[in-house]
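Before any comments, here is the structure.
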Amino acid sequence: MSNVELSVKIGSLELKNPVLLASGTVGYGNEIAQYTDLSKLGGIVTKSLSLKPRKGNPPQRIVETPSGMLNAIGLANVGVEVFVKEKIPFLKELNTTLICNIAASSIEEYVECTKILDGEDAIQAFEINVSCPNVKEGGLEFGNDVNAVGRITEKVRAVTKKTLIIKLSPNVSRISDFAKVVKEEGGDAVSAINTLVGTSFNIFTRKPKIKNITGGLSGPAIKPVALAKVLEISRNVDIPIIGIGGIMNWKDAAEFIIAGAAAVQLGTINFINPNAGVEIVEGLKTFCEQTSVNKISELTASYQL
Amino acid sequence: MSNVELSVKIGSLELKNPVLLASGTVGYGNEIAQYTDLSKLGGIVTKSLSLKPRKGNPPQRIVETPSGMLNAIGLANVGVEVFVKEKIPFLKELNTTLICNIAASSIEEYVECTKILDGEDAIQAFEINVSCPNVKEGGLEFGNDVNAVGRITEKVRAVTKKTLIIKLSPNVSRISDFAKVVKEEGGDAVSAINTLVGTSFNIFTRKPKIKNITGGLSGPAIKPVALAKVLEISRNVDIPIIGIGGIMNWKDAAEFIIAGAAAVQLGTINFINPNAGVEIVEGLKTFCEQTSVNKISELTASYQL
Amino acid sequence: MYIEKSRFESIEHLEHNIHLIKVYSPSIARSAKPGQFCNIKVSDTDFPLLRRPFSICNVEGEHIFFMFDIHGEGTLLLATKKAGDELDILGPLGNGFDSNGDYQTAVIVAGGLGAAPFPFLTKRLPADKNIYSLVGGRSLHQVIKWGLKNIHVSTDDGSEGFKGTIVELFKTKIDELDGKKIRVFGCGPNPMLKALQELSIENNFDCQISVECAMACGFGICQGCPIENADGGGYSLVCKDGPVFDAKKVKL
Amino acid sequence: MYIEKSRFESIEHLEHNIHLIKVYSPSIARSAKPGQFCNIKVSDTDFPLLRRPFSICNVEGEHIFFMFDIHGEGTLLLATKKAGDELDILGPLGNGFDSNGDYQTAVIVAGGLGAAPFPFLTKRLPADKNIYSLVGGRSLHQVIKWGLKNIHVSTDDGSEGFKGTIVELFKTKIDELDGKKIRVFGCGPNPMLKALQELSIENNFDCQISVECAMACGFGICQGCPIENADGGGYSLVCKDGPVFDAKKVKL
Ligand SMILES: Cc1cc2nc3c(=O)[nH]c(=O)nc-3n(C[C@H](O)[C@H](O)[C@H](O)COP(=O)(O)OP(=O)(O)OC[C@H]3O[C@@H](n4cnc5c(N)ncnc54)[C@H](O)[C@@H]3O)c2cc1C
Ligand SMILES: Cc1cc2nc3c(=O)[nH]c(=O)nc-3n(C[C@H](O)[C@H](O)[C@H](O)COP(=O)(O)OP(=O)(O)OC[C@H]3O[C@@H](n4cnc5c(N)ncnc54)[C@H](O)[C@@H]3O)c2cc1C
Ligand SMILES: Cc1cc2nc3c(=O)[nH]c(=O)nc-3n(C[C@H](O)[C@H](O)[C@H](O)COP(=O)(O)O)c2cc1C
Ligand SMILES: Cc1cc2nc3c(=O)[nH]c(=O)nc-3n(C[C@H](O)[C@H](O)[C@H](O)COP(=O)(O)O)c2cc1C
Ligand code: FES
Ligand code: FES
């Protein structure tokens with residue numbers, strides 16, 4: 001019926017449509033599959049994996065904030081080995097593009113994880129989460145150090161031919177500098193943004209509401225910031241951008257695409273409406289039809305400044 | 001009736017209580033004085049002044065976002081000369097502490113403004129807004145360059161003995177580095193935070209909703225980020241902090257104080273409830289009474305991590 | 001000017017999607033002038049964050065009326081209020097229309113919801129003035145006549161009255177009206193105001209237009225609502241210097 | 001598990017501040033088990049952002065009941081719903097109580113609003129079981145008896161029944177009850193659950209507790225709701241592995 005071409009390309013990766021579910025907000029696909037048809041989406045990005053399993057942070061891990069939420073899950077995950085053995089079989093059956101997100105505490109660990117996972121046919125692309133505390137260099141985040149991001153991109157690039165996406169931290173002054181180095185070092189795309197650092201206190205106990213003290217802010221509250229980061233990258237660097245941050249509906253998704261995103265990821269909304277992804281694909285299709293856009297890729301960076 | 005000591009000291013500045021109204025959200029005091037008794041507040045911070053008048057950005061200057069708003073007023077202001085002649089006489093009558101906020105496009109301009117205003121007895125302190133595009137160094141913000149912030153602090157310090165507060169930009173990776181340099185260069189305090197860079201698009205026209213393309217995000221949406229910045233400074237640098245960002249009520253104010261703030265500023269809430277400042281002073285007083293806090297300054301940085 | 005906790009009294013549904021609400025707000029009611037507006041907190045929570053500006057549509061004793069259509073979440077919330085609910089209203093704000101002076105006929109030009117401020121103006125017009133109301137809408141359901149007198153209608157689709165815009169209708173009436181003895185009061189969407197402004201300048205009509213724009217505070221502290229001065233010398237603030245401007249003095 | 005657009009039917013006010021709502025939600029009603037919960041979108045807007053988890057208090061045909069007190073903005077919004085409003089409900093979620101097996105008497109231990117899941121359990125208890133309900137509250141107004149049977153009350157202030165906590169009351173009843181032939185079902189604030197856990201471990205009672213914690217998704221995708229395993233081997237998820245846990249298996 002509809003003639004709108006929804007497929008998009010990110011590096012060598014072909015996506016059915018530009019709507020992905022974000023890392024850490026969809027687990028390994030099985031729980032959310034009860035509520036939505038994942039095969040209708042562009043793809044899913046799995047929870048950040050590290051080499052060894054991590055049990056994650058002690059509770060309380062999450063708290064609601066105005067139009068947002070803070071989380072400090074602590075990258076709880078099963079580790080690459082269990083992932084390959086136990087999670088991939090189910091993920092294969094989903095008939096959706098599988099992007100594997102990796103988080104590590106050293107450059108070597110990033111490389112090691114990528115090497116192991118690169119052999120898995122089910123995995124079509126890697127998304128490297130650089131917003132993790134860097135154990136070796138004093139606990140600062142890799143994601144805030146442009147040289148570290150460059151080195152990670154270079155080293156991981158060397159061990160995989162699959163599409164390589166670097167997920168950028170928003171907690172920096174000029175995110176486009178990071179996108180630039182990703183491009184220079186051979187990355188295929190960037191995802192923007194990960195969560196903003198935030199906190200919240202209980203004024204009676206005077207303790208942080210989140211046990212980890214700070215957490216990552218997500219949800220509609222951060223949408224204007226995320227859009228500004230996407231736009232900044234789009235205006236300064238020629239690299240595909242996956243837009244993330246506070247997308248609640250197809251209008252928000254369209255806004256990111258217009259601001260420069262080739263595809264989008266949904267995070268927090270999955271917790272509220274696990275079927276949002278499918279609804280957003282539909283909404284984008286109708287929007288394109290009604291505004292005479294034949295290919296959704298034509299919307300990307302179509303801003304009129 | 002109440003024995004709670006609400007007064008606080010910021011450098012040599014004595015405030016009746018820790019509740020200030022933030023720059024750009026209270027004009028020069030006259031309009032808001034119709035709705036609230038400014039003499040009951042700790043003080044007010046006037047709209048950023050530059051040497052020459054600025055007419056500001058073309059419309060649309062503001063847009064609402066989830067639990068926040070974007071503004072790109074463009075530092076519209078009457079300039080120091082008119083300020084001294086026309087605004088100070090009214091401000092003097094308010095019986096509240098007057099903090100003068102300065103924004104400039106060069107270090108020389110900061111110094112020049114401070115010099116002129118330093119002679120005015122009505123002005124008790126300066127707040128330097130470093131989140132302005134630096135015309136000389138290619139339009140980047142001073143506020144994101146730790147060396148520039150150091151130099152501004154040093155040069156302005158040299159021309160005034162009044163309390164010197166540097167208002168920090170949140171659009172940086174480690175705000176405590178900026179607070180450190182402020183302290184080293186003789187600043188008395190830091191204000192944190194100014195607005196986050198954000199944007200928003202009309203998906204039908206594909207134009208940014210704000211004519212200036214990007215704007216500054218304020219309001220409850222940014223509160224978790226602001227609290228994390230205040231806490232970061234508090235844990236790393238021994239300097240008084242004025243907490244700002246999304247304060248809507250006394251609970252939010254208490255949260256900032258617990259997270260490290262010696263005083264707080266109210267911004268966006270003034271647009272919604274111009275009497276909020278007075279209500280927050282009352283609320284803090286009751287909170288102190290009920291939790292047996294004798295001096296509000298004891299609440300500062302009383303976090304239990 | 002007051003921050004008045006007002007009592008929501010009733011809601012009436014006029015045409016398609018047009019609502020008329022009545023609130024008990026004695027302090028604001030007593031001091032309000034036609035053309036002024038109020039900035040209304042539409043919920044008891046922090047969502048939506050900002051107040052919403054609405055023209056004072058009418059005043060009856062200690063009651064005020066506001067007229068609106070459901071536009072977004074703010075107006076939707078307003079439309080679901082129940083009698084007895086409390087509404088936090090800031091007002092009256094802005095300058096209002098100047099209806100005194102040397103003219104015989106007040107020509108009201110209202111496009112769509114631009115009709116909102118005119119019932120109050122109609123009521124308060126000095127006794128010696130005539131009134132002549134030009135009311136336009138896209139089609140007959142968008143023509144809002146509530147509280148207006150001596151009404152001449154235009155619709156874009158011709159479903160009622162003159163087929164065309166309200167300013168086009170005005171043009172056809174110019175001969176009927178004596179240009180020197182009228183004062184024009186206009187309110188409506190920007191393109192309409194622009195056409196009205198041009199027409200008024202051409203014909204040297206005394207013309208006051210009420211403009212709309214995004215607002216945060218509504219009373220002059222945020223500088224969020226600039227309108228360019230016609231003389232090029234910077235901006236005026238719609239909330240404080242307006243919302244009513246001499247049509248010659250601003251750029252639309 | 002369903003995302004069911006349910007119809008709000010009615011609200012009843014029990015004790016001080018305790019509300020009981022009835023919704024028409026046939027798919028969830030048909031598949032629900034005692035001890036399960038639902039994650040409810042309390043508004044039609046994006047505010048508040050997250051759903052709110054509530055125990056399934058009772059099921060009657062295709063209707064579900066939820067019981068809550070007004071805690072914050074979410075529950076306030078829920079309490080102002082009107083018959084006919086649509087409520088977006090995700091559920092049934094979690095594992096629920098296991099009430100089958102080899103015991104004679106179900107001992108329900110409910111602290112305050114911890115009573116919420118027990119009307120449904122009471123109703124669905126296998127026919128061959130006896131029931132013995134221990135219900136505590138701070139004072140007589142906080143004691144919630146709705147839908148419970150064979151009730152023994154404690155209040156902290158002694159205003160009704162035993163003066164003391166509900167677990168203290170339980171202690172005084174141990175002799176009456178045969179430890180081997182009971183199964184304990186507990187729900188309430190954390191300190192109460194902790195005391196109950198200790199008592200059960202000491203006396204080797206078969207004990208299932210329903211725990212609460214902050215939640216985002218409610219179905220296992222956010223990992224926001226960990227509870228420490230008693231064996232030290234990491235965390236379980238309250239929403240997916242719980243909310244009902246064997247009292248021996250978790251650290252409170
Ligand atoms: C002085 C003045 C008088 C007004 N009088 C009336 C009136 O009598 N009746 C009426 O129906 N409307 C009037 N408006 C417009 C009215 O304020 C908007 O329709 C309303 O704010 C929409 O809110 P919303 O939440 O329903 O829409 P949303 O689109 O969800 O609002 C989002 C944001 O955009 C702003 N906004 C949206 N549309 C407008 C607009 N047209 N003008 C200014 N800001 C807008 C809102 O204030 C809000 O901040 C007036 C505006 C002004 C400035
Ligand atoms: C499995 C489960 C079952 C529950 N069953 C019931 C029930 O039957 N009746 C009932 O009254 N309450 C129940 N609760 C608690 C209920 O979810 C909270 O009271 C409610 O979320 C408060 O929302 P609010 O917006 O009114 O309060 P706010 O304090 O404004 O909520 C702010 C945030 O904190 C969270 N929160 C606040 N209190 C709690 C709490 N005690 N537990 C978990 N999260 C909380 C909210 O979900 C929200 O994200 C249950 C909780 C869980 C996890
Ligand atoms: C509970 C939670 C867990 C998350 N875990 C991860 C993660 O493991 N790896 C990662 O790269 N991003 C993680 N994120 C960040 C999201 O993928 C996304 O970048 C962010 O939430 C912003 O999008 P949103 O506003 O749509 O949620 C997590 C976010 C949330 C809310
Ligand atoms: C409309 C508007 C104008 C502002 N103008 C200034 C300004 O001139 N100088 C300045 O230092 N900060 C300015 N700010 C920033 C505020 O002082 C404050 O730092 C920010 O809004 C965060 O606080 P809030 O969330 O309470 O609003 C402005 C903020 C707003 C919303
Ligand atoms: S709306 Fe704030 S100055 Fe006009
Ligand atoms: S609440 Fe999301 S995993 Fe339990």
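Throughout, protein chains are lettered first and strands after them, A, B, ... in sequence-line order, and every chain is numbered starting at 1.
When all heavy atoms are compared, the tightest approach of Ser67(A) to Leu49(D) is C-CD2, 3.9 Å.
Checking each of Leu20(A), Thr25(A), Leu94(A) against Ile44(A) for a side-chain contact (heavy atoms from CB on, under 4.5 Å) leaves exactly one that passes, namely Leu94(A).
Interface check for chain D: of the options Gly267(A), Pro220(A), Pro58(A), the most heavy-atom pairs under 4.5 Å are formed by Pro58(A). Annotation: maximal heavy-atom pairing with chain D below 4.5 Å, among Asn57(A), Asn71(A), Asn30(A), occurs at Asn57(A). The candidate with the highest count of non-hydrogen atom pairs below 4.5 Å against chain D, out of Glu31(A), Gln34(A), Lys209(A), is Glu31(A). Contact count versus chain A (heavy atoms, under 4.5 Å) is highest, among Asp88(D), Asp46(D), Asn39(D), for Asp46(D). Of the residues considered (Ile269(A), Ile32(A), Val63(A), Ile272(A)), Ile272(A) shows the highest number of contacts with chain D, using heavy-atom pairs under 4.5 Å. Counting heavy-atom pairs closer than 4.5 Å to chain A, the top residue among Cys225(D), Gly218(D), Ala214(D) is Ala214(D).
Heavy atoms of Phe47(D) lying under 4.5 Å from chain A are absent altogether. Proximity to chain A (any heavy atom under 4.5 Å) is shown, for Cys222(D), by both the backbone and the side chain. Pro66(A) does not touch chain D: none of its heavy atoms, backbone or side chain, sits under 4.5 Å away. For a residue to count as touching a neighbouring chain, one of its non-hydrogen atoms must lie under 4.5 Å from one of that chain's; by this rule Thr268(A) touches chain D with the side chain only. Met248(A) touches chain D through its side chain: at least one heavy atom from C-beta onward sits under 4.5 Å away, while N, CA, C and O do not.
At a cut-off of 3.5 Å, with distance as the only test, a side-chain donor of Glu127(A) or Gln265(A) sits close to an acceptor on the other residue. For the residue pair Ser39(A)/Asn95(A), the side-chain donor-acceptor check at 3.5 Å is not satisfied. For the residue pair Asn273(A) and Glu279(A), a side-chain donor N or O sits within less than 3.5 Å of a side-chain acceptor on the partner.
Distance check: Glu62(D) CD to Arg30(D) CZ gives 5.0 Å after rounding to the nearest 0.5 Å.
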Tell me, with the steps shown, if Phe120(D) and Phe97(D) meet ring pair (Phe, Tyr, Trp, His ring centres under 6.0 Å).
CA-CA 10 Å; Phe120(D) 192 25; Phe97(D) 294 111; 9.9 Å; no
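Phe256(A) places a side-chain heavy atom less than 4.5 Å from the side chain of Ile247(A).
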